[in-house]
Each structure stands twice: as structure tokens, then as C-alpha cells.
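Notes follow once the structure below has been shown.
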2 protein chains.
Amino acid sequence: MLKISKKADYALMALQHIASVQFGDVTPGRVVNTKEIAEEYNIPLELLAKVLQVLSKNGLIESHNGPKGGYLLARSARQITIAQILESIEGPLAITDCSHEKDGDYCMQREHCNIRTPLLKIQDSIYQLLNNMTLGDMMGGTPLITIQSPSAQGVER
Amino acid sequence: MLKISKKADYALMALQHIASVQFGDVTPGRVVNTKEIAEEYNIPLELLAKVLQVLSKNGLIESHNGPKGGYLLARSARQITIAQILESIEGPLAITDCSHEKDGDYCMQREHCNIRTPLLKIQDSIYQLLNNMTLGDMMGGTPLITIQSPSAQGVER
DNA sequence: TTTAGTGCGACCATATTGATCGGAGATCAT
DNA sequence: ATGATCTCCGATCAATATGGTCGCACTAAA
Ligand code: FES
Ligand code: FES
């Protein structure tokens, strides 16, 4: 329950990978292409491609076309929050399907609903949690990219 | 995204209703039957029935058979956490489908997975959030049922 | 101009969830 | 004691969301 989708999962992995390449490597300007990521993590290529496209459309990464093309973080890893990534792929965070009701509400039980307010509170808490953690933090645990060990992050390639 | 299922939603409503009847009413021992709840909140009767059955099997409520039967909270509202309710209906909290891997892991990307640890951390945080809020807290906000109007249940200020 | 790459939309397959049925047991009222 | 209610529980069907696949247009480097 409360699972996040595989797509979102893939998005996180991909971003983390791109970030680590971009930050830790000796080749800071290097772009990362879809295939590289797909192979590294065993993600279906086509699916990952679509995920990356969405991320790029949402301004989290930049795409570079043509041969030798690939993706690049649009901004610093510390300025990309987990919430942004997740919401980019799946819609806005909605713990219950009537969280974000527009104008005419459609929830059958809204009238007598006794749990709406507390649920919204919970949702908000979760959101803050996700929005306070950045891509940078996610890498924090792993020996972060001191200017060293270029290969430490993905030995085979 | 991160939506909780309708069933869980129903469970919350039902429990909240039962709790409020049991605590606030002039008839503290009164049992609440499925039909009453279903009608009050416009929940499909059969579905709600099944939800309640599960809750009862998991020891959150007690069932009383026969005519004039119904359900009753198994313990105080302050001793039932949101996490317990949710996990009762949907499985254990698993933000990603490889959170609770038994022995032989099956996650294709586990080998090179770079996001497992941080995700588990997030999951844990969410769990604590849910586990620190009880049914009692959920009702806390609303001016709960002073000793009055048994039927006034859904007045909604 | 060729070629390796992304951009993008439509599409199918499968898993999860929501909802429904039908009968078996229990218990209260008469 | 006997019938009428009501919960219990398993099996089943339908709707929806998700995961995954194709095919083609477009772009830029070599
Ligand atoms: S469930 Fe829709 S308002 Fe409570
Ligand atoms: S996705 Fe399964 S271990 Fe990271």
C-alpha cells in the first residue's frame, strides 16, 4: 500500500545516476544517454525513455539531441526535491482521490465525510517530508563525490 | 499518486463512525450494523461488509452476530493507530514493491540499486507519521458528540 | 548525407482494485 | 422450537490503472 509506481522508481534511479555521473566523474559535462541507464539498472529501454521525456518536459533535466546526445540535470542536485520528481511522473500528491477536488465536488461521501480534514493533514505531512529531501540528500549516504574515485559509481562501462 | 485505496478509506470512515457512536452517544454499549454505516456515507453495502469483516478478523473491532448484531470497537480509540487500520486492509506499508523482500530477492535492479536505502528511510518516516496518529486524534478536531442527539451524527459544522 | 540519438503518440497486456453474488451460521423474537 | 434477520466468508465479475511495446518524425554530430 501507498506504493509509488515503477515509473517513478525508474525516474529516481535515472536521476540519481545522472547526478552522480555529473558530479563525481572526471567528465563533468558528460551527457548520459538512455541506453546507458537502462542497461546499468535493467530497466526496459523504451519505458525509461518515456520517463526521461516526461522529466525533461517538466524541466528537471535537459535533453540533447542527435548522436552523442543524452540527458543532463537541469539544475543542481540539491535543488531537485523528491516530491518534484514524483509529482513529475505521477500526478500531484493525492492520498485520497478527492483531495484535490475542483469546483464541483464529486465525492459521494463528502457531505457527511468525517475523515477529510485529518487525511488532508496527513497528506500535507507526507508532502513536506518528500519536499524536504533532495536528490543531493539521496546520495548523501553513499560516499559523496569528493573529487576522487571517478569510477566508484558504476565500475562497468 | 501515493493514493490509499477506497477500501481503506471506507475503513477509516466506518471506524470513525463506530468510535463516535460508542464514545459520544447516550447508548455507549450500542452496536453499529453495516447497513447503518453504508447508508450514512453512501458506501456500497456489500463492499463495506467485507471491509468490516477484515477489520474484525484483524482484531480492530468485535462482531456480534444475529439480529440486533453489529460491530464494536475492540479497544479504545486512542489505541488504534491509522497505520494499523491501513495495514489491516491493504498489506504492510511498502513504498516500493521490493521494500519487504524475503530471503531470495527478486528485484531486478537490486544489485546496482542506488535508491533503496533512502527510499526505505522515507518509508519509515511515513510509517511513523501514520503510527503516531490514532483514531482518537482523528476525531479530536471535530467537536465530538457531546451527550446528545444520537441521530445528529452528520451535522458537520 | 548518413547515422545515432531523442521526441512523441498511439497501442496492447497485465495487475490491482472496486464491486457483486450466493450460501452457510448465528442469534434473537415470537 | 422455529422462523426471520443479520453477520460471515469465499468466489467471482468489471473497471481502472499500470507496466510495457511499437513505429515514425525530428535533430544534430560526424
Ligand atoms: S472521502 Fe471524499 S470527502 Fe471524504
Ligand atoms: S528498486 Fe528494488 S532494490 Fe532498488
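All of these numbers come straight from a predicted model, not from anything done at the bench. When reading the values below, keep in mind they use all heavy atoms of this one structure, side chains included, and skip hydrogens, waters and symmetry mates. In the text below, chain A, chain B and the rest are named by the order of the sequence lines, each starting its count at 1.
- Counting to the nearest Å, the C1' atom of D/dG19 and the CG atom of A/L45 are 15 Å from each other.
- Here A/T34 reaches the OP1 or OP2 of C/dT6: one of its side-chain N or O atoms lies under 4.0 Å away.
- The two residues B/I89 and B/A8 have their closest heavy-atom pair at CG2-N, 3.9 Å.
- What separates NZ of A/K6 from P of D/dA17 is a distance of 19 Å, to the nearest Å.
- One finds no side-chain N or O of A/Y71 lying less than 4.0 angstrom from the OP1 or OP2 phosphate oxygen of C/dG5.
- The stretch residues 3-19 of chain B participates, sequence neighbours left out, in these salt bridge (charged side-chain N to carboxylate O under 4.0 Å, His left out) pairs: A/D97-B/K6.
- Rounding to whole angstrom units, CD1 of residue B/I37 and C1' of D/dC6 are separated by 14 Å.
- Here A/M138 contributes atom CE and B/L119 contributes atom CG; the two are 6.5 Å apart, rounded to the nearest 0.5 Å.
- Using a cutoff of 4.0 Å between basic side-chain nitrogens and carboxylate oxygens, A/R30 and A/E36 are scored as salt-bridged.
- At the phosphate of C/dG7, OP1 or OP2 sits under 4.0 Å from a side-chain N or O atom of A/S63.
- Taking atom CD1 of A/I61 as the reference point, atom C1' of C/dG7 lies 12 Å away to the nearest angstrom.
- Between the CG atom of B/D97 and the C1' atom of D/dA17 there is a distance of 15 Å, rounded to whole Å.
- Of the possible polar contacts, one joining the A/E90 side chain to the A/S5 backbone as a donor-acceptor pair under 3.5 Å is found.
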Short heteroatom pairs, N/O only, protein and nucleotides 23-30 of chain C, under 3.5 Å:
| unit_1 | atom_1 | unit_2 | atom_2 | d |
| --- | --- | --- | --- | --- |
| C/dA26 | O4' | B/N65 | ND2 | 3.3 |

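- Proximity of A/Y10 to the phosphate of D/dG19: no side-chain N or O atom is located under 4.0 Å from OP1 or OP2.
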So which protein N/O to nucleotides 9-16 of chain D N/O distances come out below 3.5 Å?
| unit_1 | atom_1 | unit_2 | atom_2 | d |
| --- | --- | --- | --- | --- |
| D/dA11 | N6 | B/K50 | NZ | 2.7 |

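- When distances run from any side-chain atom of A/K7 to the nucleotides D/dT7, C/dT20, D/dG19, the shortest one goes to D/dG19.
- Separating the CD1 atom of B/I18 from the P atom of D/dT7 is a distance of 11 Å, rounded to the nearest angstrom.
- Nucleotides of DNA chain C nearest to A/K3 and A/G70 differ in position, and the one nearer the 5' end is that of A/G70.
- Of the candidates C/dT20, D/dG19, C/dG18, the closest approach to any side-chain atom of B/P44 belongs to C/dT20.
- Within the model, atoms CG of A/L47 and OG1 of A/T34 stand 11.5 Å from one another, a figure rounded to the nearest 0.5 Å.
- We find that CG of A/L47 is positioned 14 Å from C1' of C/dT14, with the value rounded to whole Å.
- Once rounded to the nearest 0.5 Å, the distance linking CD of B/Q53 with CD1 of B/I61 reads 9.5 Å.
- A donor-acceptor distance shorter than 3.5 angstrom exists from the side chain of B/D137 to the backbone of B/T134, with no hydrogens or angles considered.
- Considering OG of A/S88 and CD1 of A/I82, their distance stands at 12.5 Å, rounded to 0.5 Å.
- The nearest whole Å value for the distance from the CG atom in B/D9 to the C1' atom in C/dG18 is 13 Å.
- Side chains of A/H17 and A/Y41: a donor-acceptor N/O pair is present below 3.5 angstrom, by distance only.
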